[in-house]
Undergrad: 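There's a structure below that I have some questions on.
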Amino acid sequence: MEPNLKKILKALSLELRHLLEGWYDAAGGWHAGDLEQRLAGLGVWRARDPLPADEFAHLPAADRTARQVVDAYLALRREAGVARGDAVAEFVRETAFIPGLTGCWRCAAWRRAG
């Protein structure tokens, strides 16, 4: 690949990851990305306990499936001794990473649900 095209692709990829993951502004304030906002819509946050999944029975089946994927991931990380906030951040980061573009294969159910 030509170096100038590679630079453009890298810049676009980083911008896409910021949109998905979120970013810190110059003052150090956190701006949640699309994935973290989507998690909040499913009742999962970094800074507080998630709402019980059964409170989201009104959501479409794809959203309920996405919540099950998130809950399973967070349970695995909890068993590994990872704090909830760190596990949520890790989930967002891994979901935003696609080898070759942006995202992870483990989170395919989430992406289809979105």
Side-chain angles (χ1 to χ4, degrees):
M1 179 180 292
E2 294 180 35
N4 63 328
L5 295 178
K6 191 172 184 177
K7 285 181 184 180
I8 292 170
L9 184 58
K10 183 177 180 179
L12 289 172
S13 178
L14 287 173
E15 182 63 27
L16 181 57
R17 288 201 62 191
H18 286 151
L19 288 172
L20 293 171
E21 288 184 48
W23 69 95
Y24 288 98
D25 60 24
W30 175 248
H31 298 270
D34 290 349
L35 295 173
E36 192 165 340
Q37 291 175 32
R38 183 87 168 98
L39 281 175
L42 297 174
V44 178
W45 300 270
R46 289 182 194 223
R48 66 182 207 199
D49 290 336
L51 293 174
D54 59 353
E55 290 187 20
F56 293 87
H58 64 283
L59 293 177
D63 287 348
R64 291 191 309 273
T65 299
R67 175 60 191 264
Q68 290 172 347
V69 169
V70 174
D71 287 345
Y73 184 90
L74 296 178
L76 286 172
R77 301 311 290 148
R78 182 175 50 251
E79 291 171 10
V82 177
R84 182 191 60 260
D86 293 337
V88 170
E90 183 180 276
F91 182 86
V92 168
R93 191 171 43 255
E94 288 207 23
T95 303
F97 177 75
I98 299 173
L101 182 60
T102 180
C104 87
W105 63 269
R106 287 182 283 190
C107 307
W110 167 297
R111 275 192 240 90
R112 285 193 301 271

Undergrad: Applying salt bridge (charged side-chain N to carboxylate O under 4.0 Å, His left out), name anything that partners D71, two or more places apart in sequence or on another chain.
TA: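 Applying salt bridge (charged side-chain N to carboxylate O under 4.0 Å, His left out) to D71 gives R67.
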Undergrad: Determine, step by step, whether F91 and V70 satisfy the side-chain contact (heavy atoms from CB on, under 4.5 Å) criterion, reporting the C-alpha distance in whole Å, the side-chain angles of both residues, the deciding distance to 0.1 Å, and the verdict.
TA: CA-CA 8 Å; F91 182 86; V70 174; 3.7 Å; yes
Undergrad: Under 3.5 Å, side-chain donor or acceptor atoms of residues 46-55 against the rest of the protein: list the pairs with distances, not counting sequence neighbours.
TA:
| residue | atom | partner | partner atom | Å |
| --- | --- | --- | --- | --- |
| R46 | NE | E36 | OE1 | 2.9 |
| R46 | NE | E36 | OE2 | 3.1 |
| R46 | NH2 | E36 | OE1 | 3.0 |
| D49 | OD1 | R84 | NH1 | 2.7 |

Undergrad: Which salt bridge (Lys or Arg N to Asp or Glu O under 4.0 Å) pairs, counting each pair once, include a residue from residues 18-32, with sequence neighbours left out?
TA: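 As it turns out, the salt bridge (Lys or Arg N to Asp or Glu O under 4.0 Å) pairs with a partner in residues 18-32, which skip direct neighbours, are R17-E21.
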Undergrad: Tell me, please, which residues at least two apart from E15 pass salt bridge (charged side-chain N to carboxylate O under 4.0 Å, His left out).
TA: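 Residues passing salt bridge (charged side-chain N to carboxylate O under 4.0 Å, His left out) with E15: none at all.
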Undergrad: Check step by step if side-chain contact (heavy atoms from CB on, under 4.5 Å) holds for L20 and T95.
TA: CA-CA 9 Å; L20 293 171; T95 303; over 6 Å; no
Undergrad: Taking only residues two or more places apart in sequence or in another chain, which ones pass side chain to side chain contact (heavy atoms under 4.5 Å, CB included) with Q37?
TA: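 Applying side chain to side chain contact (heavy atoms under 4.5 Å, CB included) to Q37 gives A32.
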Undergrad: Could you walk me through whether L5 and K10 pass the side-chain contact (heavy atoms from CB on, under 4.5 Å) check?
TA: CA-CA 9 Å; L5 295 178; K10 183 177 180 179; over 6 Å; no
Undergrad: I would like to know whether E90 and E94 meet side-chain contact (heavy atoms from CB on, under 4.5 Å); could you show each step before the answer?
TA: CA-CA 6 Å; E90 183 180 276; E94 288 207 23; 4.1 Å; yes
Undergrad: For W23, give me all partners under ring-ring contact (aromatic ring centres under 6.0 Å, His included), at least two apart in sequence or on another chain.
TA: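 Partners of W23 by the ring-ring contact (aromatic ring centres under 6.0 Å, His included) criterion, ordered by chain and then number, come out as H31.
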Undergrad: Between L42 and L59, is any pair of side-chain heavy atoms under 4.5 Å apart?
TA: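 Touching, per the 4.5 Å side-chain cut-off.
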Undergrad: Check R78 with D86, please: is the shortest side-chain N to carboxylate O separation under 4.0 Å?
TA: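 Looking at R78 together with D86, the answer is no, because their closest N to O distance does not fall below 4.0 Å.
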Undergrad: Got a sec, which residues hit side chain to side chain contact (heavy atoms under 4.5 Å, CB included) with L76, two or more places apart in sequence or on another chain?
TA: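 Side chain to side chain contact (heavy atoms under 4.5 Å, CB included) check on L76 returns E79.
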Undergrad: State, yes or no, whether a side-chain contact exists between P60 and D63 at a heavy-atom distance under 4.5 Å.
TA: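 With C-beta onward as the side chain, the pair touches.
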Undergrad: To check you understand the geometry: which heavy-atom pair defines the closest contact between A87 and L74, and what is its length?
TA: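 Minimum heavy-atom contact is CB-CD2, 3.7 Å.
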Undergrad: Members other than W30 in its cluster, when Ile, Leu, Val, Met, Phe, Trp, Tyr link by side-chain heavy atoms under 4.5 Å?
TA: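 Traced through the cluster, W30 reaches Y24.
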Undergrad: Grouping I, L, V, M, F, W and Y whenever their side-chain heavy atoms are under 4.5 Å apart, do L39 and L16 come out in a common cluster?
TA: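 Per the 4.5 Å side-chain linkage, L39 and L16 are co-clustered.
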Undergrad: Supply the atom-to-atom distance L14 CG to L19 CG, rounded to the nearest 0.5 angstrom.
TA: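 That separation rounds to 11.0 Å.
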Undergrad: Shortest non-hydrogen contact from A40 to W45?
TA: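 Looks like CB-NE1, 3.3 Å.
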